[in-house]
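Report on the structure given below.
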Amino acid sequence: MSATSSLIHDLPRHTVRRAVVSSMANNIYLITAKDTGAQVLIDAADELPAINQLFEDAAEDAAIPTSLAMIATTHQHWDHVRALAALVEQTGAPTAAGTEDVAGIISETGVATSHALADGGTLTVDGVVLDTVHLRGHTPGSIAFVLQEADTTLIFSGDSLFPGGVGNTGESPKRFARLLSDVQERLFNRYADDAVVLPGHGNATTLGAERPSLPQWRQRGW
């Protein structure tokens with residue numbers, strides 16, 4: 001499919017832009033700090049030209065020149081890292097991912113992770129602070145990144161939470177139970193209903209829209 005990009009959130013101190021790339025309709029997100037120009041790209045999924053278009057589109061989002069400060073990866077699956085090596089080669093930017101997915105990312109891309117992340121921490125660059133939430137089940141080291149500004153909470157959930165359910169757990173009851181429990185305890189129990197969920201594929205939702213379905217998800221087992 002052809003890549004498309006758009007400005008999806010224009011907050012007082014940050015912008016968030018999205019590009020949709022590849023036949024898998026992967027979402028790539030770019031956060032820009034308006035005061036510093038520092039940027040965090042979440043999931044270099046594919047199509048380096050589309051990523052470069054994101055940078056071009058965001059060039060006027062800050063008061064000073066923008067620059068990529070971090071490439072953050074939600075999880076190790078191949079469709080979320082296909083442009084990672086090319087982007088690192090082009091920019092020299094450091095990388096971040098969940099500790100348990102570091103080996104898988106190296107295997108897929110040859111790129112070593114600069115910052116290994118765990119639950120309850122933060123990923124910080126100049127002007128951007130993201131909470132890190134470890135969600136086990138889709139992959140061992142899946143990480144959701146959470147941007148909070150004033151009354152707005154944005155959850156970049158990767159493939160761990162979508163409208164209508166949690167991510168694929170390979171038909172494993174154990175993995176499904178683990179992922180659903182992590183999503184419930186570490187997202188639904190930590191953040192308010194108006195928190196916006198920005199998944200790795202498809203459209204956004206909110207925790208409030210999904211919360212009533214949690215018992216149904218657990219009962220159906222997927």
Side-chain angles (χ1 to χ4, degrees), residues 1-9 15-32 39-58 66 68-98 100-117 123 125 128 130 132-133 135 137-147 154-163 166-170 196-205:
M1 65 179 294
S2 299
T4 60
S5 63
S6 59
L7 174 65
I8 57 173
H9 290 279
T15 62
V16 180
R17 293 181 178 271
R18 178 180 75 151
V20 182
V21 301
S22 86
S23 61
M24 302 279 291
N26 290 83
N27 291 325
I28 301 172
Y29 299 101
L30 181 66
I31 303 167
T32 301
Q39 296 175 313
V40 176
L41 184 130
I42 297 177
D43 283 352
D46 201 5
E47 299 183 27
L48 185 61
I51 295 174
N52 285 330
Q53 184 63 54
L54 266 181
F55 295 143
E56 184 176 334
D57 293 343
T66 57
L68 182 63
M70 182 69 64
I71 306 166
T73 300
T74 59
H75 65 290
Q76 64 179 285
H77 283 162
W78 68 276
D79 61 308
H80 290 259
V81 296
R82 284 171 287 183
L84 180 61
L87 186 59
V88 169
E89 182 178 3
Q90 173 182 288
T91 65
T95 61
E100 292 81 358
D101 275 10
V102 167
I105 291 170
I106 293 175
S107 178
E108 287 286 350
T109 68
V111 175
T113 298
S114 310
H115 301 272
L117 307 173
L123 178 64
V125 301
V128 182
L130 300 173
T132 60
V133 183
L135 302 171
H138 182 65
T139 67
S142 288
I143 292 285
F145 298 96
V146 183
L147 176 67
L154 305 178
I155 301 172
F156 302 87
S157 61
D159 285 4
S160 291
L161 179 61
F162 295 97
V166 297
N168 184 0
T169 52
V196 177
V197 178
L198 298 169
H201 307 261
N203 294 324
T205 184

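In this chain, numbering begins with 1 at the start of the sequence shown. Just so it is clear, the model here is predicted, and its values are computed rather than measured.
Between I51 and Q90, the closest side-chain pair of non-hydrogen atoms is not below 4.5 Å. Using a 4.5 Å heavy-atom cutoff, the side chains of L68 and F55 are in contact. Looking at F145 and L117, their side chains come closer than 4.5 Å, going by heavy atoms from C-beta outward. Residues F156 and V16 are in side-chain contact: their nearest non-hydrogen atoms beyond the backbone lie under 4.5 Å apart. Taking 4.5 Å as the limit, every side-chain heavy atom of T73 sits out of range of all side-chain heavy atoms of T95. Residues H80 and N26 form a side-chain contact, since some pair of their non-hydrogen atoms from C-beta on lies under 4.5 Å apart.
Taking both residues in full, the closest heavy atoms of A116 and T113 are given as N-CG2, 4.2 Å, listed atom of the first, atom of the second, then distance. Closest heavy-atom contact between S142 and D101: N-OD2, 3.7 Å. Closest heavy-atom contact between P199 and S157: CA-OG, 3.3 Å. When every heavy atom of A85 is checked against every heavy atom of V111, the shortest pair comes out as CA-CG2, 3.6 Å. Taking each heavy atom of G200 and F162 in turn, the nearest pair found is N-CE2, 4.3 Å. Across P140 and Q76, no two heavy atoms sit closer than the pair CD-NE2, 3.8 Å.
Counting only N and O atoms by type, the side chains of Q53 and D57 include a donor and acceptor under 3.5 Å apart.
Taken to the nearest 0.5 Å, the CD atom of E47 stands 8.0 Å off from the CZ atom of R82. For the atom pair H201 NE2 and D79 CG, the distance stands at 4.5 Å (nearest 0.5 Å). Taking CE from M70 and CG from L123, the interatomic distance works out to 5.0 Å, rounded to the nearest 0.5 Å. Summarising the geometry, atom CE belonging to M24 is positioned 10.0 Å from atom NE2 belonging to H77; distances are rounded to the nearest 0.5 Å. Interatomic distance, CG of L41 versus CG of L87, reported as 6.0 Å (0.5 Å rounding). The line from CG of L198 to CG of N203 is 10.5 Å long, rounded to the nearest 0.5 Å.
Tested against I31 for a side chain to side chain contact (heavy atoms under 4.5 Å, CB included), the candidates I42, T15, V125 yield a single pass: I42. With respect to D43, the side chain to side chain contact (heavy atoms under 4.5 Å, CB included) criterion is satisfied by exactly one of D159, T74, V81: T74.
Listed for the N27 side chain is a donor-acceptor partner under 3.5 Å among the backbone atoms of G202.
Here S160 pairs with nothing under the side-chain hydrogen bond (donor to acceptor under 3.5 Å, both in side chains) rule; sequence neighbours left out.
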